[in-house]
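Bear in mind that the values here come from a model prediction, so they are computed numbers and not experimental data. Order of listing sets the numbers, starting from 1, for every ligand and every atom in it.
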Amino acid sequence: MRIAVPNKGRLHDPSIDLLERAGLHLQGGADRKLYADTVDPDVTALFARAADIPEYVADGAAAVGITGLDQVRESGHDLTDLLDLEFGRCRLVVAAPEDGRIETVADLDGGTVATEFPRITRDFFAEQGVDAEVVEVTGATELTPHVDMADAIVDITSTGTTLRVNRLTEIAEVLASSVRLVAHPDAVDNEKVQQLVTAFESVLAAEDRRYLMLNVPEDRLDDVRDVLPGMGGPTVMDVAGTDDVAVHAVVEEQAVFGVINDLQAIGASDILVTEIERLVE
Ligand SMILES: Nc1ncnc2c1ncn2[C@@H]1O[C@H](COP(=O)(O)OP(=O)(O)OP(=O)(O)O)[C@@H](O)[C@H]1O
Ligand SMILES: O=P(O)(O)OC[C@H]1O[C@H](OP(=O)(O)OP(=O)(O)O)[C@H](O)[C@@H]1O
Ligand SMILES: [Mg+2]
């Protein structure tokens, strides 16, 4: 099975990191290569531009790919969205100069919009019933309203810094995007593809959990169970030669701060919190 992975840009490093954490180590690294074998002899990584990855998957050159939802939508290909990989979060928005001439999408009727995402933009304005001309550019979109090339733009924003620096203001959201694992519809039931989904899911599930270990007098065990609500019952082991038991549990990362305080109040000691690499539920 081939998996298409962004070869550069901001999605490259986190994609490689995800593959590594999922246990699919790349043989010989990913630098400047077109493809790489992985520890699994049946899985090869292909490196391509994020914008081209939907095409690779649609063509069957790769069974699955890692790229932004914005790129998948812009490609127009009908791919199966297998998993939200929870990075590369950004929004495609309509933005116009801060001077306030264009305040709503309707104000763009008869106007011009510059974008790197012509398909998404045309579809958006058509849905809104607004007749705007779409001008395709391949970068520096934020400049175009200031040189009378366009009245507004449709572009990616995440922190909002680029829009602000370029004196543009958001007037509507077109799409909320994040990086997805996408598949060719015919590849969805492929066993390797399913194994990959499980491996990625286990990395994502582990990210916001922590493994908690502690010792506590056995007669306080019910209190410990009260403090660790909703988590699959903790594992309890005798500590040889003492009245203590050792308790191991998986806890939501958000809850760790409070849980530790509560456990100390109960009389727990030797509390240890560690990261989890993968969690198969
Ligand atoms: N500021 C951002 N914050 C979060 N995600 C982003 C941001 N900009 C882009 N992305 C996501 O990353 C994807 C690829 O963007 P990136 O800039 O890495 O590619 P690129 O512009 O094609 O690369 P390059 O500019 O190196 O050719 C976008 O399609 C989008 O999904
Ligand atoms: O809201 P912000 O946090 O400022 O992010 C938005 C910017 O990020 C992306 O550009 P990128 O940094 O990828 O540069 P590029 O134009 O060279 O692709 C995007 O095209 C915006 O310009
Ligand atoms: Mg970019």
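The shortest distance between side-chain heavy atoms of E55 and H77 falls below 4.5 Å. Taking the side chain as every heavy atom from C-beta outward, D84 and V179 never approach each other to under 4.5 Å. Counting heavy atoms from C-beta on, the side chains of L92 and F117 come closer than 4.5 Å.
Once rounded to the nearest 0.5 Å, the distance linking CD of Q27 with CG of D40 reads 10.0 Å. Considering CG of L196 and CG of L83, their distance stands at 9.0 Å, rounded to 0.5 Å.
Using a 4.0 Å cut-off between heavy atoms, E142 contacts ligand 2 through its side chain alone, with no backbone atom that close.
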Quiz item: When you look at L168 and E98, which way does the side-chain contact (heavy atoms from CB on, under 4.5 Å) test go after all the steps?
Solution: CA-CA 5 Å; L168 297 167; E98 281 169 355; 5.8 Å; no

Self-check item: Full working for side-chain contact (heavy atoms from CB on, under 4.5 Å) between L46 and V5
Solution: CA-CA 6 Å; L46 296 186; V5 180; over 6 Å; no

Exercise. Check the pair I120 / V174 against side-chain contact (heavy atoms from CB on, under 4.5 Å), numbers first and verdict last.
Key: CA-CA 8 Å; I120 294 175; V174 177; 3.6 Å; yes

Quiz item: Is there a side chain to side chain donor-acceptor pair (under 3.5 Å) between D244 and N215 once you walk through the steps?
Solution: CA-CA 6 Å; D244 278 0; N215 290 341; 5.0 Å; no

Practice problem: For F47 and I16, run side-chain contact (heavy atoms from CB on, under 4.5 Å): C-alpha distance rounded to whole Å, both residues' side-chain angles, the deciding distance at 0.1 Å, then the answer. | Solution: CA-CA 10 Å; F47 300 110; I16 300 297; 3.7 Å; yes

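In this structure, atom 29 (O) of ligand 1 has protein heavy atoms in its sub-4.0 angstrom surroundings. Within a 4.0 Å radius of atom 10 (N) of ligand 1, the protein contributes one or more non-hydrogen atoms. In this structure, atom 17 (O) of ligand 2 has no protein heavy-atom contact shorter than 4.0 Å.
In terms of protein heavy-atom proximity, atom 21 (C) of ligand 2 is nearest to I156 O, 3.4 Å. From the protein, the heavy atom lying nearest to atom 7 (C) of ligand 2 is T162 OG1, 3.5 Å. In terms of protein heavy atoms, atom 6 (C) of ligand 1 is closest to R10 CD, 3.3 Å. Nearest to atom 31 (O) of ligand 1 among the protein's heavy atoms is D70 OD1, 2.8 Å. Protein heavy atom nearest atom 3 (O) of ligand 2, with residue, atom name and distance: T159 OG1, 2.5 Å.
Below 4.0 Å from some heavy atom of R10 lie the following atoms of ligand 2, by number and element: 8 (O), 9 (C), 10 (O), 11 (P), 12 (O), 13 (O). Under a 4.0 Å criterion applied to the non-hydrogen atoms of G88, ligand 1 contributes the atoms 4 (C), 5 (N). Each of the atoms 18 (O), 26 (O) of ligand 1 lies under 4.0 Å from some heavy atom of G9. Heavy-atom contacts of G68 reach the following atoms of ligand 1: 31 (O) (cutoff under 4.0 Å). Counting atoms of ligand 2 from 1 in the listed order, those under 4.0 Å from a heavy atom of T161 are 1 (O), 4 (O). With ligand atoms numbered from 1 in the order given, ligand 1 contributes 3 (N), 4 (C), 5 (N) to contacts under 4.0 Å with heavy atoms of R89.
Contact annotation: G139 has no heavy atom less than 4.0 Å from any atom of ligand 2. Using a non-hydrogen distance threshold of 4.0 Å, A51 does not register as a contact of ligand 1.
Atom 3 (N) of ligand 1 has its nearest heavy-atom neighbour, among G160, G139, S158, in S158. For atom 13 (C) of ligand 1, the choice among L11, V179, T138 with the nearest heavy atom turns out to be L11. Among R91, R49, E116, the residue whose heavy atom lies nearest to atom 27 (O) of ligand 1 is R49.
Scanning all heavy atoms of the two residues, the minimum distance from P97 to D151 falls at CD-O, 3.4 Å.
Test L11, I3, V57 against I66 for side chain to side chain contact (heavy atoms under 4.5 Å, CB included) and you get one pass: I3.
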